[in-house]
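The shown structure was predicted, so the numbers you read here are calculated from the model rather than taken from an experiment.
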Amino acid sequence: MNKEAQRIAIRIAGIYVAIGVIWILLTDYYSFILSKDNIQSYITFQRYKGWFFTMVTGVLFYYLIEQRTQRLIQSKDELEKKEKQLQQSTLRYQSLFIHNPNGVIELDLMGNLVSLNPSGEDIFKISTEEAKGKRIDQFIDSKEMDIVRNYFYEVVNGQSIKFETLLINKEGNVRNIRCALIPIIVSEQVSGVYGIISDITEQKKNEEMMIMNEKMYVIGQLAAAVAHEIRNPLTSIKGFVQLMHETKSLNPAYLDIMMSEIDRLHTITSEMLLLGKKQEAQLAPIDLGVLLKQVTVLMEAQAHLNNAELSFKQPFKGDITVFGDSNQLKQLFINIIQNSIEAIKDNGKIDIVLDVQESTAVVTVTDNGQGMEEERIKRLGEPFYSTKEKGTGLGLAVCKKIIERHEGSIEFDSEVGKGTTVTVRLPIQKAAE
């Protein structure tokens, strides 16, 4: 600022000196001419030239100073306007920070807490002053530490990310949280990280209860079909045992058939028990092809009972691995197949196809059932809306919840009288993960 003032002062002084020098040279030259030709004009000129110079320089300096003052006043007004806008913007951001119903935290590049809003203090059960300087990983469940740390490094590199994890507050309570991490970018450089946190513990409990209730409903429907289905292998086993008892001999071919039927019974009952068991959501790599084969075996009983043919195909050669909870994914596909079975009247056919599109596993379940109108398709997934006479409408609502947890998508394509195709897309787990 001092250099700018010096520059302006030097400029004005330079203009004044230049005008003075030019004035002296011109007036001296003119005075010399007048002194030879007209002494009276010379005396008059000498008397008034000083006044004339003062008037000219005064007007000139008035103009220069007035122009500069206008620019200074304009700059001051603009500065005050920008300061006011900045102040209003700061107050708005402070209001968003303080009154946000979600927890908002600020972290430095080392993962240390810088500040928390009141909602964040309530989630962490700690004040901002107490939290300052503490590492965020002190509040993360040890089982989730590596995953959260990788997410943090991605955000430090300029990406935004959303995820769910387990937080342990100062009181030692474990809370389920949904978190969005956002980089703080200043002058094109990441200077810190903002975290927006929602406590979804109660929501998760309600979702788990809804999923479990729907699971029990599905198991109840499957039980009758399975009871009917296991009669056939039991009849075969009983027949072969009676035949060998009467012949007093062992036939290896009969034993192979009997073992095959016993294995089938074991598979069906094991899947029923696993499906009915209450389990915590355990996310792990899952071979989707193996999982769908298990679901197909379990649902064949229900399909046979309703005169429907169930088939599974996997055009993609190789393992298709997704990251998720196998129990919930089984429930997802059982619900979808169950709906297809119930939509079929006679000579039904249900085709399950597993394929890959880019980095996504695509499962399609196609039936030749009654189909649905477009208006019904739009409302599918709404709790307590059902296309079935005795349906609760919770089945597809549960499916959507499971899909959301696995970061996938579900689509319905149906035509009345021709059938329905349900398409489920799930992200494939990369080999390096």
Considering the options Arg405, Arg175, Arg178, which one meets the salt bridge (charged side-chain N to carboxylate O under 4.0 Å, His left out) requirement together with Glu164?
Arg178
Report, as yes or no, whether the 6.0 Å neighbourhood of atom CD on Glu130 holds more than 12 heavy atoms from other residues, nucleotides or ligands.
yes
Minimum heavy-atom separation for Ile286 to Gly324, with atom names?
CD1-O, 3.2 Å
Check against side-chain hydrogen bond (donor to acceptor under 3.5 Å, both in side chains), Glu106 and Ser115:
CA-CA 5 Å; Glu106 182 183 351; Ser115 63; 3.3 Å; yes
Option passing side chain to side chain contact (heavy atoms under 4.5 Å, CB included) with Ser311 (candidates Ile350, Ile352, Asp351)
Asp351
Under 3.5 Å, is there a donor-acceptor pair between the side chain of Thr366 and the main chain of Thr421?
no
Treating Asn169 as the side-chain partner and Asp122 as the backbone partner, does any N or O pair qualify as donor plus acceptor under 3.5 Å?
no
I'd like to know if the side chain of Asp319 reaches the main chain of Asp287, judged simply by a donor and an acceptor atom lying under 3.5 Å from each other, with no hydrogens or angles considered.
no
Intermediate values then yes/no, side-chain hydrogen bond (donor to acceptor under 3.5 Å, both in side chains), Gln70 and Gln74:
CA-CA 6 Å; Gln70 278 189 356; Gln74 186 177 1; over 6 Å; no
Atom of Pro427, atom of Val322 and distance for their closest heavy-atom approach
O-CG1, 3.6 Å
Between Asp137 (side chain) and Ile140 (backbone), is there a donor-acceptor pair under 3.5 Å?
no
Other residues, nucleotides, ligands: >12 heavy atoms within 6.0 Å of Met145 CE:
yes
All heavy atoms of Cys179 vs all of Leu181, minimum pair found to be SG-CD2, 3.7 Å
Heavy atoms only: give me the nearest Leu166-Glu144 pair and the separation to one decimal.
N-CG, 4.0 Å
Taking only residues at least two apart or on different chains, which pairs with a member in residues 111-150 satisfy ring-ring contact (aromatic ring centres under 6.0 Å, His included)?
Phe124-Phe139
Is there a donor in the side chain of Ser119 and an acceptor in the side chain of Asn102, or the other way round, less than 3.5 Å apart?
no
Can you check whether Asn176's main-chain N or O pairs, donor with acceptor, with Thr201's side chain at less than 3.5 Å?
yes
Taking side chain to side chain contact (heavy atoms under 4.5 Å, CB included) as the definition, give me every residue that meets it alongside Ile185, ordered by chain and number, with sequence neighbours left out.
Pro183, Val190
Taking Glu121 for its side chain and Thr128 for its backbone only, find out whether a donor-acceptor pair lies under 3.5 Å.
yes
Atom OH of residue position Tyr153 - does it have more than 12 heavy atoms of other residues, nucleotides or ligands inside 6.0 Å?
no
Main-chain N/O of Thr420 paired with Asp367 side-chain donor or acceptor, under 3.5 Å:
yes
Identify the two heavy atoms, one from Ile403 and one from Ser409, that lie closest to each other, and give their separation to 0.1 Å.
CG2-N, 3.4 Å
In terms of heavy-atom contacts, Lys317 and Gln314 come closest through NZ-O, 4.1 Å
